[in-house]
Asks: 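Before I ask anything, let me first share the structure, which is written out below as structure tokens.
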Amino acid sequence: MSEKLWGGRFSLGTDELVEEFNASIDVDKRLYTSDIEGSIAHVKMMANESIILQDEAKTLIFGLEEVRKKIENNEITFSASLEDIHMHIEDALGKVVGDVGKKLHTGRSRNDQVALDVRIYLKKETRIIIDLLTGFQKSLVRMAQNHQDVIMPGYTHLQRAQPVLFSHHMMAYYEMFKRDIDRFEDCFKRIDVMPLGAAALAGTTYPLNREFTRQVLSFAKVSDNSIDSVSDRDFVMEFISHASIAMIHFSRLSEEMVLWSSSEFSFISISDAFTTGSSIMPQKKNPDVAELVRGKTGRVLGNLITILTLMKSLPLAYNKDMQEDKEPLFDTVDTLKICTDVYTRMFGNITIHKDRMYAACTKGFLNATDLADYLVSKGMTFRKAHSISGKAVALCLDQGKELNDMTIEEFKTLSELIEKDVYGFIEIDKMISRRISYGGTGYDNVRKAVLKAAGELGLK
Ligand code: ARG
């Protein structure tokens, strides 16, 4: 049984099972770089404020760098008896520099230390995630550019509704991910707050210069209340909420990828490199990537529930429950990163079947609204026109045909206002051109939207 860094008031060693239960090292070891970065800043500040000697600071910084190397070279054995990454690093530091290592923890508690480490870690990861999401937006815009005028059925209730440009559909996802990026940027401001110096919860008696530490670590501001500094995990809850919404966006896209690549739709083919076969059915080519991303959304939503439940009803300030915040956070970061990455790659490997998309627009009365619009253009009220167009659909259903197969005589039985120019009016291409309201699927609108997005992303 090793002696604990907090062992002073204890006469019995920790129960072995409790030791294992209490430890978080398996999870929080990935915070080692953040922990060392935070400790070096703390040392520099203490030397600057003459809380420790300059020489001692030099030794401590050298020692911490040595510990970093040892961890990277797998020279440190992680063990439950040292609980967490903070204790492991302090212990390893002592082995490198001797007794002076014991000065590192002056004016600091693991409570503010862990809050700092998670914030350092999450600032980096948030930037990476924003970059990855921006990369995926580029794939969406490229896809829109490469298939600018391809027409597909737009759906409501998964029923064919009205023709839209495929590029417009892609740009809908561009907007969704743009909001995700905005949310992460906004949340970044609340991650970017430096909590060190709060100590256990009440602040400390040492003359710490928190502003100095903030500058060394490049944080935007210092936290204002020591109790809040160690008990706040809002930024974790916020981050996972935003990640959940981003995953939901990927999951909705995945559902479309799965549907569109089915024989029933055949709107797209996903390259062999991004699909897999079946061990029994030789003909199968499965959209596993899309399916897995859809499935992994569940993990992230689960992580959100975990962190929310964890924080609910926790009294101030630090509680050990909060040690459980890291697993859902790390899993969320890992999942969102790999899903974004794999999607970006897959998107460059999708073939669009524009003929199939177009053909799907010719069946299912996607021009029924436009027939009503036609009657409105001839002076009828929209409600009346809607009803007449509905009757035309009923007539066609009866005869197993589409609206443009109706004879002019048949149209005339429904309304005298209908003339031969109706056929041109309800052509698919015309329906797109007429959708000129801002944000609609009209050719010019979409071209402008794609151009604007390409500009925002620095694409040509
Ligand atoms: N491993 C702990 C955590 O992640 C560090 C803080 C422990 N603080 C304490 N007072 N036991 O939350």
Side-chain angles (χ1 to χ4, degrees), residues 2-10 12-15 17-39 41-42 64 67 71 76-93 102 104-125 191 193-204 223 226-237 239-240 303 306-334:
S2 64
E3 210 201 305
K4 298 280 186 271
L5 289 169
W6 41 255
R9 61 101 72 205
F10 289 78
L12 278 184
T14 316
D15 177 275
L17 186 59
V18 170
E19 201 161 74
E20 207 178 300
F21 184 65
N22 205 29
S24 57
I25 185 61
D26 282 348
V27 175
D28 61 28
K29 61 184 171 206
R30 76 155 84 178
L31 289 176
Y32 80 92
T33 40
S34 311
D35 196 73
I36 290 172
E37 210 182 306
S39 288
H42 185 59
L64 285 163
V67 173
I71 295 177
I76 292 203
T77 323
F78 294 116
S79 113
S81 61
L82 280 169
E83 257 185 79
D84 55 25
I85 190 64
H86 324 296
M87 302 283 220
H88 275 81
I89 290 177
E90 209 180 317
D91 179 75
L93 178 67
K102 295 186 177 144
L104 174 65
H105 213 52
T106 314
R108 187 174 78 167
S109 149
R110 276 187 295 158
N111 298 351
D112 57 346
Q113 186 179 356
V114 74
L116 175 69
D117 291 4
V118 175
R119 285 171 184 274
I120 293 176
Y121 159 83
L122 200 52
K123 274 177 67 178
K124 287 182 192 147
E125 294 295 349
I191 306 173
V193 178
M194 209 290 295
L196 203 68
L201 79 164
T204 175
S223 61
S226 63
I227 297 176
D228 181 48
S229 306
V230 291
S231 58
D232 172 28
R233 293 294 182 275
D234 290 3
F235 65 100
V236 179
M237 293 189 273
F239 177 90
I240 304 182
N303 292 337
T306 302
I307 188 73
L308 295 175
T309 314
L310 187 66
M311 295 310 293
K312 178 192 163 293
S313 314
L314 277 192
L316 304 184
Y318 178 84
N319 300 269
K320 188 73 172 209
D321 315 42
M322 288 156 81
Q323 176 164 287
E324 289 287 309
D325 63 352
K326 284 162 215 68
E327 254 181 283
L329 178 62
F330 296 165
D331 186 67
T332 298
V333 166
D334 294 345

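Order of listing sets the numbers, starting from 1, for every ligand and every atom in it. Fair warning: this is a prediction, and the values are worked out from it, not measured in the lab.
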Asks: Nearest protein heavy-atom contact for atom 10 (N) of ligand 1: which residue, which atom, what distance?
Replies: N111 OD1, 3.1 Å
Asks: Decide whether a cation-pi geometry holds between R119 and F235; the criteria are a distance under 6.0 Å from NZ or CZ to the six-membered ring centre and an angle within 45° of the ring axis.
Replies: yes
Asks: Do I240 and L308 have side chains that get closer than 4.5 Å, going by heavy atoms?
Replies: no
Asks: Residues two or more places apart in sequence or in another chain: which of them pass side-chain contact (heavy atoms from CB on, under 4.5 Å) with S226?
Replies: A198
Asks: At what distance is the nearest protein heavy atom to atom 5 (C) of ligand 1, and which residue and atom is it?
Replies: D84 OD2, 3.5 Å
Asks: For atom 2 (C) of ligand 1, state which one of E324, M322, Q323, H86 supplies the nearest heavy atom.
Replies: Q323
Asks: Drop me the distance from F21's CZ to T14's OG1, to the nearest 0.5 angstrom.
Replies: 13.5 Å
Asks: Quick one: does ligand 1 sit under 4.0 Å from the side chain of E83, the backbone, both or neither, non-hydrogen atoms only?
Replies: neither
Asks: Which residue owns the protein heavy atom closest to atom 4 (O) of ligand 1, what's the atom, and how far is it?
Replies: K326 NZ, 2.6 Å
Asks: Students should be able to answer this: which protein heavy-atom is nearest to atom 12 (O) of ligand 1, and at what distance?
Replies: Y318 OH, 2.3 Å
Asks: Which ligand 1 atoms does S24 reach within 4.0 Å, using its non-hydrogen atoms?
Replies: 1 (N)
Asks: Is a donor from one side chain sitting under 3.5 angstrom from an acceptor on the other, for T77 and S79?
Replies: no
Asks: Tell me which protein heavy atom sits closest to atom 11 (N) of ligand 1, plus the residue, atom name and distance to 0.1 Å.
Replies: R110 NH2, 3.5 Å
Asks: Among all residues two or more places apart in sequence or in another chain, which pass the salt bridge (charged side-chain N to carboxylate O under 4.0 Å, His left out) test with D325?
Replies: R233
